[in-house]
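Below: the structure, in structure tokens.
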Amino acid sequence: MTRKQNIICSAQSGIFTLLAFAFFNFAYPYHIHYQEQMQMFRFGQDYFIESLAVPGGFGDWIGGFLVQFFYYAPAGAFILAVLLGLIQFLTWKNMEKKSFAAYPLSLLPAVGMFLFLCDENALVTASVAVIASLTSAYLLMKISKAGLRNLITILGMPVMYFLFGSISILVPVTVAINISLRKEDRRSVLIFSLAALAMAVALPLIFRTFSPYPLTRLVFGVHYHRYHHAIPLMAWISVLLVPAAMLLAAAFRKDRMVAAGLALVIVPAAVLTPLFADMDKEKLFGYDFMARMGQWNKILTVSSKSAPDSPIAVECTNLALAKTGHMASDMFCFFQNGPAGLLPEFTRDHFSPVPTGTVYYHLGMVNTAQTFFFEAQEGAPDFQKSARLTQALAKTNLINGDYEVARKYVGALKQTLFYRKWAKETELLLDNPGRINQVPEYAWLRSVRMKEHDFMFSQEEMDSMLGLLYLENESNTMAMDYLLAWCLLRKDLPRFFECHKLLKTGYDARHYQEAIVLYWALTHEGPEGMPEFVSRNTAAGFTKFLTALQSGRDEAAMQREFGNTYWFYYYYRFK
């Protein structure tokens, strides 16, 4: 190719890599954080040996090493972009029939892998396996003696399978296509292909004898997807696009065909990316991450721009309202879907309990939070441990005084990169328990957690538990906020009125006034005796609401005028 053509090809690679980085860093950053919190890479001999005990374990170990840097979204986006760039570069290097027109075809496997990585349960291990396989194939083709090269390829298949899993089949496939394109002896090519095919069939069967995984998992890869019963179809399409690109390259010999090559890449990428990128989950992961980092004002800003419409988004919004002191005045400015948006019921999966456990933790219900965190940890579909949840469990056990259990979790975190500093600081506290109360977070949670009452957790008796939590320590105003919000969301106005009497400050908040006016209208003949803190504006607003309601105005019109009031929620939501 000419110098100008080389520059154009380099520009294609650079633009693709930059677009991949921009997508993951700006449009998909919370998927990166989600990946990081779903594993706990540890520096240590035991963890390394444990990883290598499974076919494809070395690739998984490398993938875990890379994913730990996803702690920072820009670093994670950079790593993913580099992996995708390497897949494209190595595909090009393995093309026996190179031409300027064929260069865009080398982007096809990288685009396929990009779409695969849009799945939050897709593991980086698949990308690592493709890169390792293409590198091996490229090096093997440097061996000039055909017999030696073919022998090394066949004998190396079990090693590659053990290290990187079933995607390593790409090595003999790539070699076979290249030696065919080189028009080497057809007989030797046929023998090599049959031997490679036989080895590919035999390897999963051989490893099945001493591996705990089912045969289908050994065939399609143990560590390519978080769910063991799922077939990582898009990863294998990416693998198949490598030989497809190599074979198509032979047909793309004329420079004027470069436009057709670019179309083969750009059109599928543009059409399929919106289908594979799950932006609804990105929002959920975003709310969870912001709650994890205590970014309360950011949560409210996001919820103000786009109304939260799922239990996780709503519960994180309500937590942010409580932490910023705005729950009693602004709660119904946001969409509310009933009590499930305040404290959702336990869901047996590996994600939903995490944000809910975070709410319980901030409330001071440390034991309940610990149960949610533990269940989420144990519910991980690939049986990995989560660094985030391990840290959370260390905190809850430390607060409860279970120091030896906390020390176990801290010991694991000491072997990590980004949690090591915290673990060492926490270990000093465990060695000197008297210093624990010097940490404001732990001191406050120890003071507000339930101590005098021992009860079984019950979703139906949430108001009783929140009430006891407040009565034991009236400085826990968040417990009272949640108690009154729980009553309002359940539309239990008598219970709300009873609990509201416990307030010494903040009793005249906007939503409380709205609830009192409504309660009075439903239980009294007239306004006589209504608490004096109810303002004239609130009473007048309720009269206006009733007039509009009785006139038969439609829900949309009522929402436009009264959508930020408790009255609108009471009559139109959680029916």
Side-chain angles (χ1 to χ4, degrees), residues 29-30 32-34 36-37 71-73 281-337 339-344 351-366 368-369 372-373 376 388-389 391-392 395-396 399 422 439-445 447-449 466 469-470 473 475-486 488-489 503 505-506 509-512 564 566 569:
Y30 298 117
I32 290 177
H33 290 301
Y34 172 82
E36 182 275 330
Q37 75 175 33
Y71 189 86
Y72 300 105
K281 286 185 179 178
E282 174 69 9
K283 291 179 182 178
L284 294 184
F285 297 154
Y287 275 106
D288 175 58
F289 177 79
M290 289 183 286
R292 172 188 180 183
M293 305 305 292
Q295 298 173 343
W296 312 122
N297 289 325
K298 186 174 181 180
I299 290 176
L300 297 180
T301 299
V302 171
S303 295
S304 297
K305 293 179 179 178
S306 177
D309 55 0
S310 67
I312 290 176
V314 175
E315 73 172 315
C316 290
T317 301
N318 286 330
L319 175 60
L321 287 167
K323 297 297 289 185
T324 56
H326 293 107
M327 176 172 272
S329 59
D330 296 329
M331 182 177 181
F332 294 98
C333 294
F334 300 92
F335 173 79
Q336 298 294 335
N337 60 338
L342 191 70
L343 291 166
F351 176 68
S352 298
V354 179
T356 306
T358 302
V359 175
Y360 284 119
Y361 182 81
H362 284 281
L363 274 170
M365 299 177 71
V366 178
T368 304
F372 275 64
F373 292 146
R388 173 192 177 180
L389 292 176
Q391 183 184 44
K395 287 183 176 182
T396 57
I399 293 165
W422 179 89
V439 179
E441 177 185 345
Y442 303 148
W444 187 82
L445 286 170
S447 70
V448 301
R449 69 190 179 98
L466 291 169
L469 196 64
Y470 174 74
N473 192 325
S475 66
N476 189 357
T477 56
M478 183 174 164
M480 178 52 76
D481 287 341
Y482 266 72
L483 170 59
L484 295 175
W486 181 263
L488 291 177
L489 290 171
L503 283 178
T505 60
R510 182 170 71 91
H511 291 320
Y512 296 165
N564 64 344
Y566 177 65
Y569 171 85

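Bear in mind that the values here come from a model prediction, so they are computed numbers and not experimental data.
Between Phe351 and Phe285, the angle of the ring planes goes over 60°, which puts this pair in the perpendicular group of the 30/60° scheme. Relative ring orientation between Tyr360 and Phe372 is described as tilted, the plane-to-plane angle lying within the 30° to 60° band.
Of the residues listed (Asn318, Leu321, Asn564), the one engaging Phe334 in a side-chain contact (heavy atoms from CB on, under 4.5 Å) is Leu321, and it is the only one.
Between Cys333 and Arg510 the shortest side-chain heavy-atom distance falls below 4.5 Å. Contact of the Glu315 side chain with the Pro355 side chain is registered, since non-hydrogen atoms from C-beta on lie closer than 4.5 Å.
Close placement of the His511 and Phe332 rings is indicated, their centers lying within 6.0 Å of each other.
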Kindly determine whether Leu503 and Met480 satisfy side-chain contact (heavy atoms from CB on, under 4.5 Å), including the steps that lead there. CA-CA 8 Å; Leu503 283 178; Met480 178 52 76; 3.3 Å; yes
If you apply the rule ring pair (Phe, Tyr, Trp, His ring centres under 6.0 Å), what do you find for Trp296 with His326, and how did you get there? CA-CA 11 Å; Trp296 312 122; His326 293 107; over 10 Å; no
Apply side-chain contact (heavy atoms from CB on, under 4.5 Å) to the pair His33 and Tyr71, showing each step before the final yes or no. CA-CA 6 Å; His33 290 301; Tyr71 189 86; over 6 Å; no
Please report the C-alpha distance between Trp422 and Lys395 in whole Å, then the side-chain angles of each, then the deciding distance to 0.1 Å, and finally whether the side-chain contact (heavy atoms from CB on, under 4.5 Å) criterion is met. CA-CA 11 Å; Trp422 179 89; Lys395 287 183 176 182; 3.7 Å; yes
Working for side-chain contact (heavy atoms from CB on, under 4.5 Å), residues Tyr482 and Leu319: CA-CA 9 Å; Tyr482 266 72; Leu319 175 60; 3.7 Å; yes
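When the side-chain contact (heavy atoms from CB on, under 4.5 Å) test is applied to Pro339, the partners found at least two apart in sequence or on another chain are Trp486, Leu489, Arg490, Phe574. Residues satisfying the side chain to side chain donor-acceptor pair (under 3.5 Å) criterion with Thr477, sequence neighbours excluded, are absent altogether. Residues that satisfy the side chain to side chain donor-acceptor pair (under 3.5 Å) test with Ser306, not counting sequence neighbours, are absent from this structure.
Atom CD of residue Gln336 and atom CE of residue Met331 lie 4.0 Å apart, to the nearest 0.5 angstrom. For the atom pair CG of Leu484 and OH of Tyr470, the computed distance is 9.0 Å after rounding to the nearest 0.5 Å. In this structure, Arg292 CZ and Gln37 CD are separated by 5.5 Å, a value rounded to the nearest 0.5 Å. Leu363 CG to Thr358 OG1: the interatomic distance, rounded to the nearest 0.5 Å, is 11.0 Å. A distance of 11.0 Å separates CZ of Phe373 from OG1 of Thr368, quoted to the nearest 0.5 Å. Atom CD1 of Ile299 is separated from atom OG1 of Thr317 by 6.5 Å, given to the nearest 0.5 angstrom.
Between Lys281 and Asp288 there is no salt bridge, since no side-chain N of the basic residue sits under 4.0 Å from a carboxylate O of the acidic one.
Side-chain N/O atoms of Tyr361 and Glu441 include a donor and acceptor closer than 3.5 Å. Side-chain polar atoms of Ser329 and Tyr512 form no donor-acceptor pair below 3.5 angstrom.
Applying the 6.0 Å contact sphere to NZ of Lys283 captures no more than 12 heavy atoms from other residues, nucleotides or ligands.
Asn473 and Ser447 make their closest contact through ND2-O, 2.8 Å (heavy atoms, listed as atom of the first residue, atom of the second, distance). In terms of heavy-atom proximity, Ala328 sits nearest to Ala509 at CB-CB, 3.4 Å.
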